[in-house]
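When reading the values below, keep in mind they use all heavy atoms of this one structure, side chains included, and skip hydrogens, waters and symmetry mates. Every chain is numbered from 1 and lettered A, B, ... according to where its sequence line falls, protein lines coming before strand lines.
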Amino acid sequence: MAPKLGKRKRVTREELEQPSRSPSPSSDSQESDDEDVQALFRKAFEAKFEPLDIEPVQKKVKQDGIEHKDAEVEDEESDWSGVSSEDEDNNGVEVFDYAANNRQAHEKASKAELRAFMSSKPPTLSSSTPTAKSSATQKPSTTDSSDPTEVEHLKNDLALQNLLRESTLLSTHNPTYSTRATDAPAKPSSISTRHKIADMHMQSLGAKGSAFAQKNMPMSQRKGITAKAKLREDLRRKEAKENGIILERDTKKKKAPSSLAQRRDRGVGGPSVGKFKNGTLTLSKKDVASITRDGGGGGKGKGKKGRR
Amino acid sequence: MSRGSLTSVAVERSATSAAEKVPSPMLNRTFEFNFHILRLVHTRNMADETVQTLLQFSGHRHLTTRLLLSTLTGRPIRISKIRPSSTRPGLTPYETNFIRLLDSVTNGAQIQFSMTGTTLVYRPGLITGCAEGLGAIGGTVRHEIPRECARRGVSWWLIPLAILSPFSKGPVNVTIWGEGCITSSTTHGDISVDSVRTSILPLFRNFGIERNIELRVLKRSFAPSQGKSAGGEVQLVFSHQVRLPKTLHLMNKGRVKRIRGVAYAVGVSGSNNARMIEVARGVLNKFVPDTYIFSDVSPAPLIPTYSKSDPNGKTKGAVGFGLSLVAESSTNCMYSADVASPPLGGITPEDIGKQCAYQLLEKISQGGCVEVTSTETMLLLMAMGSEDVGRLCLGKDVLGTEEVVQLGRDVKVFTGAAWGLRGHSSRDESEEDEIVVSVVGRGVGNVGRKVA
């Protein structure tokens, strides 16, 4: 309780001095009305503008003291009214109040803070991380806005990207697009094209599939459709190549070789060969051959024939 | 330098069995015998010896730093004249215990003591961390600190271990426990576990090492007086290993924006915490209004007695209270202070609180971006970084301490690159008592990661 003692002492010392110099707002001394009013104004002012108070250091210290005392005296009046009045009467008495704990309310840290600091992890700098993030996000935007040519470039880039992406749709739905490239409208004309573009955009943003894809269909029909689509695509690519038009990259090719070459990723602890099911390890002919023959893989047709 | 009363000549007998990894307290009694040991942990080609010459050091001081540098750079060392004229010559129990810890997180290390224990040859191995089968049980290495090592706080083991951890091959997960495991700060100058967690471990973030780092205080304990034991337990989990720590440029110390702290009481009333907090806040609140000190009250640890008459008997460990304060600046520089009640007691919580607050203010007044207890961590990590010059601003008083000066010399011996020092040319003249230390990274970094 040492700091409290210190504070009280300082206050009382000032209090000792005050009656002679200036009226303190808290003291109920019998002064003239003018001074009382002044004190009231002062009190109101302090209550309003306390943090903004800019005054010479000496005065500030004094006022701080007054404020403290003010608050304390008020508290005392609520709890210990008799003592405070006594205090006013004979100035030599100091009041030690061990029980009062005014700071307790804002002393408590929030639960989140407690968790952040007292967990076993090194405390995270909660206040610093957002600032770092915000500065990181702000930086590029400021550089962009500062340079008009950069903005222009970025815009053009975006337009070109869009054009490349949507070229398939535009060429199929608007065959003369390429010849009228200069005066073509920026927005696609037909509604269906616009829907398809939106659909593509959704897919590029991570939609699971196209909204236009039909879900249920007889297999023969689906096969026919995919075959036709593939044929059309191939034809388009071929023509584009012949005419020297650069198309978007073909993405479908990757899948085919990977499924052939790569084996399914088997879990740890499973058999390295064959299928283990219902307590039996089933080996296919291929597996047996790969084990028995010293060659292993059985990749070469020649060897196979020779051995058999 | 005086030594613990229970210890005899500090040579330890190596137990070669598997029980060595989890030594029982009974086994530790055997440490008191004077045995000459020549300890081959894992056999290693003798060809290595001819290739690498031993770096020579003398004296018992800065032992952990040298062992650490040796392990990080992979250079074998020979330390001679370890307390040759003392009545108890050679390594102390806590020093041998540290070597034991080093051995349990590395693979292939080779340690030789001379007959009297005054000479040590250390050939470092690969820092493997806590891989299963290499001393780890259930993914964690349990390292015991016996009673005779109770002169140092557990931070003496933890800080070097934390410096090693980013360069480990696998994750590090070490539980340190035992009758000599003191989690509080000690009169010897070791900081508390809370300070390690709140002021040292956040520094790794500067080097891009920040994920999966934890320091769990499982049992709190205090420096024991005569006839008592500590009995703390701490677990360090360090699972973020890197190839190379990032190059650090820390020139601006900023201004202290907040102060946090932990007041801990073990086996005594929690009101002691409140009293310490009250006083410390009274001092610090004037400077930084954002001051919060958290309170942690725990019962005294129970230590099994292992007596024949009462096989399940337990005694209470040492009790006490202490305070750990951390000031954090606007540029994330940390300053910490630590005071705990002495083993014999007789100091009021008010005094501890006040002392700790003043200590924190003193640390801040020394300036620089790093205070003295964390300089080793920062400078060693910088020295182990990529082949680039990192800069760190230190206060003159911090740089002038014996540990930092000797650290600079040792780093030069091990890596061949000396530090560059120059005055801090700041805009305002008030910061003239700061010095910028330029450290060239070694560019080797984590050998285990490179191979893997």
Side-chain angles (χ1 to χ4, degrees), chain A residues 1-11 14 50-53 57 60-65 67-68 71-72 96-136 268-269, chain B residues 162 193-205 209-218 234-238 254 257-258 260-262 264 274-275 277-286 289-296 326 328-332 334 348-351 353-354 357:
Chain A
M1 308 295 148
K4 281 234 157 137
L5 290 182
K7 227 174 226 170
R8 298 281 163 151
K9 262 184 188 165
R10 194 176 62 201
V11 169
E14 262 172 314
E50 188 186 9
L52 301 174
D53 206 355
V57 181
K60 200 179 175 185
V61 167
K62 199 187 278 176
Q63 281 192 349
D64 276 347
E67 278 159 29
H68 275 297
E72 281 156 14
F96 301 104
D97 187 4
Y98 291 106
N101 211 345
N102 316 339
R103 285 191 302 186
Q104 203 65 295
H106 63 100
E107 223 171 64
K108 284 242 166 154
S110 69
K111 200 144 199 188
E113 183 125 27
L114 180 91
R115 231 175 284 133
F117 191 79
M118 293 298 280
S119 72
S120 60
K121 285 176 182 146
T124 47
L125 320 159
S126 54
S127 55
S128 66
T129 36
T131 55
K133 263 183 197 169
S134 65
S135 67
V268 180
Chain B
V193 176
D194 297 283
S195 290
V196 173
R197 181 174 62 82
T198 55
S199 80
I200 303 246
L201 291 184
L203 297 176
F204 286 83
R205 202 174 284 130
I209 306 162
E210 52 192 338
R211 281 182 282 110
N212 302 332
I213 302 173
E214 277 186 56
L215 184 58
R216 301 186 187 124
V217 188
L218 306 175
V234 187
Q235 186 180 19
L236 176 72
V237 181
F238 206 118
K257 67 173 179 192
R258 60 180 190 175
R260 292 285 177 275
V262 180
Y264 44 93
R275 287 162 72 185
I277 292 169
E278 179 80 24
V279 177
R281 279 186 63 115
V283 175
L284 296 171
N285 250 1
K286 283 175 231 155
D290 188 6
T291 301
Y292 288 114
I293 302 170
F294 300 95
S295 165
D296 190 324
V326 178
E328 187 192 326
S329 82
S330 50
T331 53
N332 298 335
M334 301 282 193
T348 61
E350 280 81 13
D351 288 345
K354 195 185 235 176

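In terms of non-hydrogen atom pairs under 4.5 Å with chain A, the most contact-rich of B:Ile213, B:Asn212, B:Leu201, B:Val217 is B:Ile213. Your options are B:Arg260, B:Arg216, B:Glu210, and the one with the most heavy-atom pairs under 4.5 Å with chain A is B:Arg260.
Atom CD of B:Glu214 and atom OG of A:Ser119 lie 7.5 Å apart (nearest 0.5 Å). Within the model, atoms CE of A:Met118 and OG1 of B:Thr198 stand 9.5 Å from one another, a figure rounded to the nearest 0.5 Å. Atom CG of residue B:Asp194 and atom CZ of residue A:Phe117 lie 8.0 Å apart, to the nearest 0.5 angstrom.
Heavy atoms only, all atoms of each residue included: B:Arg197 and A:Lys121 are closest at NH1-O, 3.3 Å.
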